[in-house]
2 protein chains.
Amino acid sequence: MPAALMAAADKAISMEKSGEKKQSSAGKVLNVLDLFTEENPAWTVEMIMSELGATRATAYRYVKALYDAGLLAPGAASTYVLGPRIMQLDRQIRRSDPLLKIAQPLLDEDQSPLIGARSISSFYGDQVLAIQVDRFDPEIFLTMERGRSFPLIYGAPSRIILAYLPPYQMRNFYSSNSAEISKAGLGKTWEEFRTSMRKMRRIGYCVGNESNRTVYGVSAPIFHDKSSVSASLTYVRRIEITSDQELEELIKAVVRAANRISEKLINYSPADGDSSLVFPTPRLAG
Amino acid sequence: MPAALMAAADKAISMEKSGEKKQSSAGKVLNVLDLFTEENPAWTVEMIMSELGATRATAYRYVKALYDAGLLAPGAASTYVLGPRIMQLDRQIRRSDPLLKIAQPLLDEDQSPLIGARSISSFYGDQVLAIQVDRFDPEIFLTMERGRSFPLIYGAPSRIILAYLPPYQMRNFYSSNSAEISKAGLGKTWEEFRTSMRKMRRIGYCVGNESNRTVYGVSAPIFHDKSSVSASLTYVRRIEITSDQELEELIKAVVRAANRISEKLINYSPADGDSSLVFPTPRLAG
DNA sequence: CAAATAATCCCGTTAATTGAGACTATCGAA
DNA sequence: TTCGATAGTCTCAATTAACGGGATTATTTG
């Protein structure tokens, strides 16, 4: 793994919840985006002023910078809301992500009726993000959705990635999250944690049903490099209709599919060929 | 329509392609996002340096600001790619947009087999953006997709919005786009253009098949206010399987559905009730 | 037409960005 | 482990832009 990625990953993991670093002006502008939440999607400039403790001129300048970039757009009643650029950028990611491009045809070949739903989750240093979710069983209830993020410790798609982290990252993660790790039953000490992770690596998948009690989620790791996890594949099936044997088959299926994706992804690497066309996968470790 | 919106809409429309206004520092940082295109999704800092003509220190500062905001993320081989925050923000929009929330159940009631696909497009001042696309006919070929934008003059979803623009906006649009308007056959003079738009308003829908020769797209306007268009609904059907009578029915269906959405959207307005809960629709005119 | 609100403009002061290059950290290979 | 290469950070003085406060313009509502 290149130096750049490791540095970034280490920082992302260790910096967790430290916050409050010195901010550039651009950083302050970008912080305005944090205000726009699901509960509070529309803000007037006056509201932004009082929230930021800024003057009118400053608040308008911030909003204007974001508006000019298309990240905000004027809404009804003199409010601003998240802008069109976000949807456009998301489309760009969907269309240019090598992982999605590679995985799609391979997954579409795997039409087993056992698969009630499937999702691809991607690793972003301190969190795991669902980047694609497909539902086949109309009765299944899913908590995953593109753009939803999960902590590295929560849920099968996250945990299988956690298990394959390089040693120093895993160590960092343990020291800043030992309480949660212990609570989740992954080990009360660093040694225990390391052992349980090694065990998970040995079997090569993770079965979970904690985030959603009605389904099994079976996750297998996806590598963009011989030794670097970048994502995970998850097959989902309702518990009530799943026999032990079917669960076994589901596990085999997800591991096989993830392996095929990994193979293609690794060969997609810049080793040979035009690196501007076949650029290294944007899947990342940081 | 509030003053804020008009000002923004006028500017967006008249400013088209003028570009090159003085940029704030935050604006310069946000410009970096423009580099990340579908053809060129991964950039090293060195590449950004030479593209921007900035020094190493500056380029790193820009990238760091965007990285801290989650808009960029480190990719493989020391590149940066668009970050997880974009997917998260897109999810937030999907979950908080009143138009989507209102339209979804109403559209799901409308299960006519005539509808091969449908899409909702939203007006953003100088462009029209597809915000939701559903395909029912598996053989249909669609150019629309969430996040894809179209100029105001191109395609049925755009044109029906164009037709309902307030007079001064339409006037602005004509004076900066008279050549394209004439080429598109919408009128060689302002008078002709105004007449053809009035005619379209009178019939209340727009049928087009220019962007995709294999299908009809039938679009009807959606209003967030008695007189303000904010979006359009489009029903799509393959031409080869569509009789004249079916086209008529499709038109009636899309107009009916769009009207129902408009009604609900208008009543959703802040007129009564808690405006923090039932905030005015973020659909916008600018 | 007048009042109210949204958004921009102006300008002296202040605080942050900038560029150049030295410096540190990590990786890959021997 | 050492070395070389590359990624990314840091320091500092000079420049440049952000900031605040208040006046000004633009647009809607009554």
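Worth saying up front: this structure is predicted, and the values here are computed from it rather than measured. The chains referred to below are lettered A, B, ... by the order of the sequence lines, with proteins before strands, and numbering in each begins at 1.
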Peer 1: What is the separation between atom CZ on B:Arg56 and atom P on C:dG21, rounded to the nearest whole Å?
Peer 2: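 Answer to the nearest Å: 10 Å.
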Peer 1: Sequence neighbours left out, what passes side chain to side chain contact (heavy atoms under 4.5 Å, CB included) with B:Thr55? Give chain and number order.
Peer 2: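 B:Thr55 satisfies side chain to side chain contact (heavy atoms under 4.5 Å, CB included) with B:Ala57, B:Thr58 only.
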Peer 1: Whole Å only: how far is the NZ atom of A:Lys64 from the C1' atom of C:dC9?
Peer 2: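 Interatomic distance, NZ of A:Lys64 to C1' of C:dC9: 12 Å.
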Peer 1: Give the minimum heavy-atom separation between B:Ile102 and B:Lys264, together with the two atoms involved.
Peer 2: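 Between these two residues, the closest heavy atoms are CG2-CB, 3.6 Å.
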Peer 1: Round to a whole Å and report the spacing from CE of A:Met47 to C1' of C:dT5.
Peer 2: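 Going from CE in A:Met47 over to C1' in C:dT5 covers 16 Å.
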Peer 1: In whole Å, what is the span from the CE atom of A:Met49 to the C1' atom of D:dG20?
Peer 2: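 After rounding, the gap between these two atoms is 11 Å.
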Peer 1: Counting side-chain heavy atoms from C-beta on, which of D:dT9, C:dT17, C:dG21 comes nearest to B:Tyr60?
Peer 2: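 Looking only at side-chain atoms, B:Tyr60 lies closest to D:dT9.
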Peer 1: Does the pair A:Lys64/A:Asp68 count as a salt bridge with the N-to-O cut at 4.0 Å?
Peer 2: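 Salt bridge flag = yes for A:Asp68 with A:Lys64.
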Peer 1: Determine whether the aromatic ring centres of A:Tyr164 and A:Phe223 lie less than 6.0 Å apart.
Peer 2: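 Yes.
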Peer 1: Under 4.0 Å between a side-chain N or O of B:Tyr80 and OP1 or OP2 of D:dA7?
Peer 2: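 Checking B:Tyr80 against D:dA7: no side-chain N or O falls below 4.0 Å of OP1 or OP2.
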Peer 1: Which residues pass the side chain to side chain contact (heavy atoms under 4.5 Å, CB included) test with A:Arg94, sequence neighbours left out?
Peer 2: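 If we apply the side chain to side chain contact (heavy atoms under 4.5 Å, CB included) test to A:Arg94, skipping adjacent residues, the hits are A:Asp90, A:Arg91, A:Arg146, B:Glu145, B:Arg146.
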Peer 1: Which nucleotide sits closest to the side chain of A:Ala57: C:dA20, C:dA7, D:dG20?
Peer 2: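 It is D:dG20.
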Peer 1: For C:dT18 and B:Tyr62 - does any side-chain N or O of the residue sit under 4.0 Å from the phosphate oxygens OP1/OP2?
Peer 2: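 Looking at the OP1 and OP2 atoms of C:dT18, one of them is under 4.0 Å from a side-chain N or O of B:Tyr62.
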Peer 1: Extract from the structure each pairing of a protein N or O with an N or O of nucleotides 14-16 of chain D at less than 3.5 Å, listing the distance.
Peer 2:
none

Peer 1: Dump every N/O contact between nucleotides 11-15 of chain C and the protein below 3.5 Å, one line per pair.
Peer 2:
none

Peer 1: Tell me every residue that passes ring-ring contact (aromatic ring centres under 6.0 Å, His included) with B:Phe193, counting only those two or more places apart in sequence or in another chain.
Peer 2: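 Only B:Tyr174 meet the ring-ring contact (aromatic ring centres under 6.0 Å, His included) criterion with B:Phe193.
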Peer 1: With sequence neighbours excluded, tell me which residues meet side chain to side chain donor-acceptor pair (under 3.5 Å) with B:Arg194.
Peer 2: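 Scan of B:Arg194 (side chain to side chain donor-acceptor pair (under 3.5 Å), adjacent residues dropped) gives none.
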Peer 1: When you measure from the side chain of A:Ser25, which nucleotide among C:dG21, C:dA16, D:dG21 comes out closest?
Peer 2: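 Within the option list, the nearest is C:dA16.
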Peer 1: Can you check whether A:Val128 reaches A:Leu152 side chain to side chain, under 4.5 Å on heavy atoms?
Peer 2: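 Yes, their side chains come closer than 4.5 Å.
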Peer 1: For A:Thr58 and D:dG20, is the shortest distance between a side-chain N/O and OP1 or OP2 below 4.0 Å?
Peer 2: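 Yes, A:Thr58 has a side-chain N/O under 4.0 Å of OP1/OP2 on D:dG20.
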Peer 1: May I ask you to check whether A:Ser149 and B:Gln88 show a side-chain donor-acceptor distance below 3.5 Å?
Peer 2: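 Note: A:Ser149 and B:Gln88 side chains meet the donor-acceptor criterion.
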